[in-house]
Every structure is written in structure tokens, then in C-alpha cells.
Amino acid sequence: MMIAENISLAPLTTLRVGGPARFFAEATSLRDVQEAVGFARSRDLPLFVLGGGSNLVVADSGWPGLVLKVAIAGIEQRAGNQNGKVLFDVGAGESWDRFVSQAVMAQCAGVECLSGIPGSVGGTPVQNVGAYGQEVSGTIESVQVFDLKDSQVRELCALACEFAYRSSIFNTNERGRFIILRVVYALTPGGEPHLEYADLRRHFEGRETRPNLLETREAVRHIRARKGMLITEGDPDSRSAGSFFKNPVLSPDQHEALQNRASAKGLILPSYPALEQQKKVSAAWLVEHSGFARGYSLGRVGISSKHALAIVNRGGATAADVIALKDQIQQRVEEIWGVRLEPEPVFVGRD
Ligand SMILES: Cc1cc2nc3c(=O)[nH]c(=O)nc-3n(C[C@H](O)[C@H](O)[C@H](O)COP(=O)(O)OP(=O)(O)OC[C@H]3O[C@@H](n4cnc5c(N)ncnc54)[C@H](O)[C@@H]3O)c2cc1C
């Protein structure tokens, strides 16, 4: 395995900001992972594990240690477990959307609403990727990891991953401990598509037959493209890290206080069944009602013209530019609504 030096990280991310990695390696096997970890340990270098770079803000000073890109490939379809599911054992370096496409073509349900999400398979358990009413936690059977604590390979069951809204052990209490090597998804052969979200239902309005998995996948990709949430060549609104803020999860008291602030301004806090189930409020609504319209600009960065939650690089932006806009939004939303928005992307390195 080659270990390169001073590799620019911005082109390896969807937001395209940030400085270089002091050392950089790409692992296509467990052996490569072990070798890279050995290299980092022998030089006492901090290690950062990179997937598809779609959920990152890399610091302008870059990463002072080793960046290890996990590029383990392979999609293996296996006979079902006891519940009649089909198991897909997928290398962490596979493109997530390629796997979804393959699952849909095999008529297996469970991930069709997650079509078009950029990044790698190994990135999906980290923040329990979700969209249009599905989350990967709904289909993950197990995650194979390299444990940096004792250098062992382990198989973690879904329960051990402690999945919740945009979280798991991988981005909370065990952050930095595991390198994800493979993920096993249990999908439903011949299953119906999940059509819970209003956007999707609207897309199929007036149809008499139920859409199939492939039509659902295409609808999701179409809706995402309209919102700049599909990486599309030539669409400057897709030069982002996706939604920049999580939907805040509030206690009943906090929710009531927010509703009161809204009604004092003659506004009604939007409520959708999908948000209410998890006691979430729409971060996009809070941003838009704090004076940040879609298309807002702050120098070389701005808010997508198609989606209030995406911070986009309008060309030549730095991580400092992105952070300045993030701070401005957080501050204004907190002043007006008393809610602190939490960023969704991972901040890599320090400036
Ligand atoms: C246009 C756009 C739309 C998006 N839409 C959605 C959406 O609808 N829903 C959603 O949930 N997310 C969305 N995202 C965010 C992002 O695509 C997901 O979080 C994705 O799963 C990140 O995967 P990645 O491989 O790119 O990870 P990276 O961005 O490379 O890394 C993210 C984190 O995961 C860790 N990581 C990655 N791979 C591994 C590994 N093999 N082992 C251990 N740790 C690892 C990294 O260390 C880092 O902490 C969107 C992003 C963009 C740009």
C-alpha cells in the first residue's frame, strides 16, 4: 500500500474546502487497514478515516496526521436469515447509491428511499443515514469493524451500534475507536416501497397502481435533484455537505415555548407526522424564519437556492468561510427562537 504525502483533501470532499493531509493512504483490504494503522502508530500520528467525503468540513490547515480512505469493495448477496430477508454483505468503500441501485434491481426493499445519498457504505452507519422515512438502522444486520483499541476485527450487531436520529456509537461515545470494514443489510425480497413522506406521495398523486421499488428510487432521485440534494455535475447547489443542521429534538416544554414564540409573531410552527413522531422541529423552517432566505450569500459561501439547510461553496471558499456562515445562522436562530442548531457534518482538523 502506498502512503502519499501532502495530499489535498478538498477535492476528496463534496463541499470542496480544506487543506492537505500530511499523509494519505487508501485501503482496499483489512491488511491495508492494519498496515496503515501500524504506520500511524509507529509515528504517533493522529488517524482520520475518510469515506466519500460527503459529510465533512475539513479545516483550512488540513489534517496533521494520516488520512485513511477506506476503499474496500464488494457487494455479496446471501441467502436470507430466519425472517426470510436477503442479506447484502457490502464493503465499506462501495458507493452507497450503487448498492441501493443493486438492491432495487434485485427487487429487495428497505433502502429505496435512501437513493441518491452520496458517500460510501461505511459512512452510512456513522450518522445512521436517513431520508424520506427510512434510516439505515432499519435494515442494518451487523457492522464489521477493526477495533483500534485492541486491533481485533469484530462484528457488531445493530443493537450494539445504538442507532438513533443521526447518531450511533460511531459518532458519539465510541467516536474514533472503530474503522468500519463491511456492513450487512437485511432487505425484504419482493417488499413494497416505503411511501410515507408527503413529497413522495405528492409525486405519485393520481396514480392508480402502487409504484414499484425502481419507480420509487427514481422519484426520490428526482425530488432530491430538485432540492440540490443529489450531486449533479454543473449544479452549484450540490457543492455542499448536504443538510448542514440537524432537526432539533425538543422536550415538550421547549416545544411549547417555541410554539409560543411563533404565535407571538403570527406564525404557525409547521408540524408533519414524520417530525412529530420523533419530537423534532424543522431546522429548515427555523433558518428561513431567521432572515436566511434560500440563495442568501456571505462572500464565497451561501445557502443553496433550492434548500434552506444546505451551505454551499460558491467557488473558492475556505473552511473559515463555511464556519462564519454556520456561526451566523446558529447565532441568529438562537436569538430569535431560543434553539441552538447542531451541525450535522463532521469537522476535521483545527484552524
Ligand atoms: C448533496 C448531499 C445530500 C445528502 N443527503 C443526506 C441525507 O438525505 N441523509 C443523510 O443522512 N445524509 C445525507 N448527506 C450526508 C452524507 O452523504 C452521509 O452522511 C454519508 O453517509 C456520509 O458518508 P461518507 O462516506 O461520505 O462519509 P465521510 O463524509 O467521508 O465521513 C463522515 C464521517 O464518517 C466517518 N467514516 C466514513 N467512513 C468510515 C469508515 N469506513 N469507518 C469509520 N468511520 C467512517 C468519517 O470518519 C467521518 O467521521 C448528504 C450529503 C450531501 C453532500
Side-chain angles (χ1 to χ4, degrees), residues 9 12-16 18 26-28 30 32-33 36-37 46-58 63 67-72 90-97 99-100 111 113-137 143-148 156 161 163 165-172 174-183 197 199 220-221 223-232 235-247 304 306-307 309-313 343-349:
L9 292 173
L12 303 178
T13 70
T14 53
L15 190 56
R16 299 191 176 270
E26 200 168 288
T28 57
L30 168 63
D32 287 350
V33 168
V37 169
L47 176 70
F48 178 75
V49 181
L50 175 70
S54 63
N55 210 23
L56 303 180
V57 181
V58 176
W63 181 254
V67 169
L68 176 63
K69 182 171 166 73
V70 176
I72 299 171
V90 193
E94 281 290 342
S95 143
W96 167 254
D97 198 47
F99 160 59
V100 174
V111 289
C113 293
L114 304 175
S115 294
I117 296 180
S120 66
V121 160
T124 62
V126 176
Q127 69 155 2
N128 182 20
V129 157
Y132 300 98
Q134 282 179 337
E135 286 182 329
V136 283
S137 55
V143 180
Q144 191 190 68
V145 294
F146 179 80
D147 189 343
L148 288 162
L156 305 177
C161 298
F163 291 120
Y165 169 63
R166 293 296 179 274
S167 101
S168 71
I169 56 166
F170 307 112
N171 68 354
T172 56
E174 299 293 359
R175 189 180 181 148
R177 173 172 166 185
F178 299 112
I179 300 177
I180 296 168
L181 305 171
R182 311 190 66 82
V183 185
Y197 255 54
D199 277 350
V220 168
R221 287 179 57 93
I223 297 167
R224 294 187 73 97
R226 221 176 48 215
K227 295 183 174 180
M229 285 289 169
L230 190 75
I231 303 281
T232 308
D235 179 1
D237 281 327
S238 69
R239 205 183 298 129
S240 76
S243 295
F244 210 90
F245 299 102
K246 298 180 194 175
N247 288 323
S304 157
K306 305 187 185 81
H307 198 295
L309 272 192
I311 291 184
V312 296
N313 176 353
E344 193 179 294
V346 175
F347 291 82
V348 183

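Counting convention: from 1, in listed order, for ligands and their atoms alike.
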| side-chain contact (heavy atoms from CB on, under 4.5 Å) assessment of Leu56 paired with Leu15 | CA-CA 7 Å; Leu56 303 180; Leu15 190 56; over 6 Å; no
| remark: In ligand 1, the atoms that come under 4.0 Å of a heavy atom of Arg224 are 3 (C), 4 (C), 5 (N), 6 (C), 7 (C), 8 (O)
| query | Should the proximity of Met229 to ligand 1, defined as any heavy atom under 4.0 Å, be assigned to the side chain, the backbone, both, or neither? | reply | both
| field | Phe178 touching ligand 1 at heavy-atom level, < 4.0 angstrom | value | yes
| Gly53-ligand 1 polar pair, N/O distance under 3.5 Å | yes
| atom 26 (O) of ligand 1: nearest protein contact (heavy atom, Å) | Ser54 OG, 2.6 Å
| query | Quick one: does Trp63's side chain have a donor or acceptor within less than 3.5 Å of a partner on Val58's backbone? | reply | no
| said: Measuring from atom CD1 of Ile231 to atom OG1 of Thr14, what distance do you get when rounded to the nearest 0.5 angstrom? | reply: 5.0 Å
| Below 3.5 angstrom, do we get any N/O pair linking Ser240 and ligand 1? | no
| field | From the candidates Gly51, Gly242, Gly93, the one that places a heavy atom nearest atom 2 (C) of ligand 1 | value | Gly242
| Polar proximity ligand 1 side, Gly52 side, N/O cut 3.5 Å exclusive | yes
| What residue and atom, counting heavy atoms only, is the protein's closest point to atom 35 (C) of ligand 1, and at what distance? | Val126 CG2, 3.9 Å
| said: Quick one, Phe244 and Pro345 - any side-chain contact, counting heavy atoms below 4.5 Å? | reply: yes
| query | Looking only at heavy atoms, which two atoms of Ile117 and Gly130 are closest? And how far apart? | reply | CD1-O, 4.3 Å
| field | Part of Pro118 with heavy atoms under 4.0 Å of ligand 1, whether side chain, backbone, both or neither | value | both
| said: Can you classify the ring geometry of Phe163 versus Phe170 as parallel (below 30°), tilted (30 to 60°) or perpendicular (above 60°)? | reply: tilted
| note | Looking at Asn55, Leu230, Ile179, the heavy atom closest to atom 15 (C) of ligand 1 belongs to Asn55
| query | Between Asn171 and Gln127, is any side-chain donor less than 3.5 angstrom from a side-chain acceptor? | reply | no
| request: Report the part of Ala241 in contact with ligand 1, treating N, CA, C, O as backbone and CB onward as side chain, heavy atoms under 4.0 Å; options are side chain, backbone, both, neither. | output: backbone
| message | Please list, in number order, the atoms of ligand 1 under 4.0 Å from a heavy atom of Ala131. | response | 8 (O)
| field | Ile180, any N or O under 3.5 Å of ligand 1 N or O | value | yes
| said: Just to be sure I read this right, does ligand 1 sit under 4.0 Å from the backbone of Val49, its side chain, both, or neither, counting only heavy atoms? | reply: both
| message | Tell me whether ligand 1 is touched by Arg175 - counting only heavy atoms on the residue side and a distance under 4.0 Å. | response | no
| message | As an exercise, state the distance from NZ of Lys227 to OG of Ser304, rounded to the nearest 0.5 Å. | response | 11.0 Å
| request: Under 4.0 Å, heavy atoms only, figure out whether ligand 1 is touched by the backbone of Phe48, its side chain, both or neither. | output: side chain
| said: Checking Glu344 against Leu309 for the side-chain contact (heavy atoms from CB on, under 4.5 Å) test, could you report, in this order, the C-alpha distance in whole Å, the side-chain angles of both residues, the deciding distance, and whether it holds? | reply: CA-CA 10 Å; Glu344 193 179 294; Leu309 272 192; over 6 Å; no
| note | among protein heavy atoms, the one nearest atom 13 (C) of ligand 1 is Ile117 CG2, 3.9 Å
| Under 4.0 Å to a heavy atom of Gln127 - the qualifying atoms of ligand 1, by number | 10 (C), 11 (O), 12 (N), 15 (C), 18 (C), 19 (O)
| request: Have a look at Asp237 and tell me which of Arg224, Lys306, Arg226 forms a salt bridge (charged side-chain N to carboxylate O under 4.0 Å, His left out) with it. | output: Lys306
| query | Do Leu50 and Val348 come within less than 4.5 Å of each other through their side chains, counting heavy atoms only? | reply | no
| Lys69 (side chain) donor-acceptor with Val49 (main chain) under 3.5 angstrom | no
| field | Under the side-chain hydrogen bond (donor to acceptor under 3.5 Å, both in side chains) test, residues paired with Arg239 that sit two or more places apart | value | none
| said: Is the contact between Thr14 and ligand 1 made by the side chain, the backbone, both, or neither, using heavy atoms and a 4.0 Å cut-off? | reply: side chain
| task | Determine yes or no for a side-chain-to-main-chain donor-acceptor pair under 3.5 angstrom, with Ser168 supplying the side chain and Pro125 the backbone. | result | yes
| query | With only distance considered, is Asn128 within less than 3.5 Å of ligand 1 through an N or O on each side? | reply | no
| task | Heavy-atom distances under 4.0 Å are what count here, so tell me which part of Val129 touches ligand 1: side chain, backbone, both or neither. | result | both
| remark: Within 4.0 Å of some non-hydrogen atom of Gly130, the atoms of ligand 1 are 7 (C), 8 (O), 9 (N), 10 (C), 11 (O)
| Do the side chain of Trp96 and the main chain of Gly123 share a donor and acceptor less than 3.5 angstrom apart? | no
| Under 4.0 Å from any heavy atom of Arg166, which atoms of ligand 1 are there? | 9 (N), 11 (O)
| remark: Among non-hydrogen protein atoms, atom 32 (C) of ligand 1 lies closest to Leu56 CD2, 3.8 Å
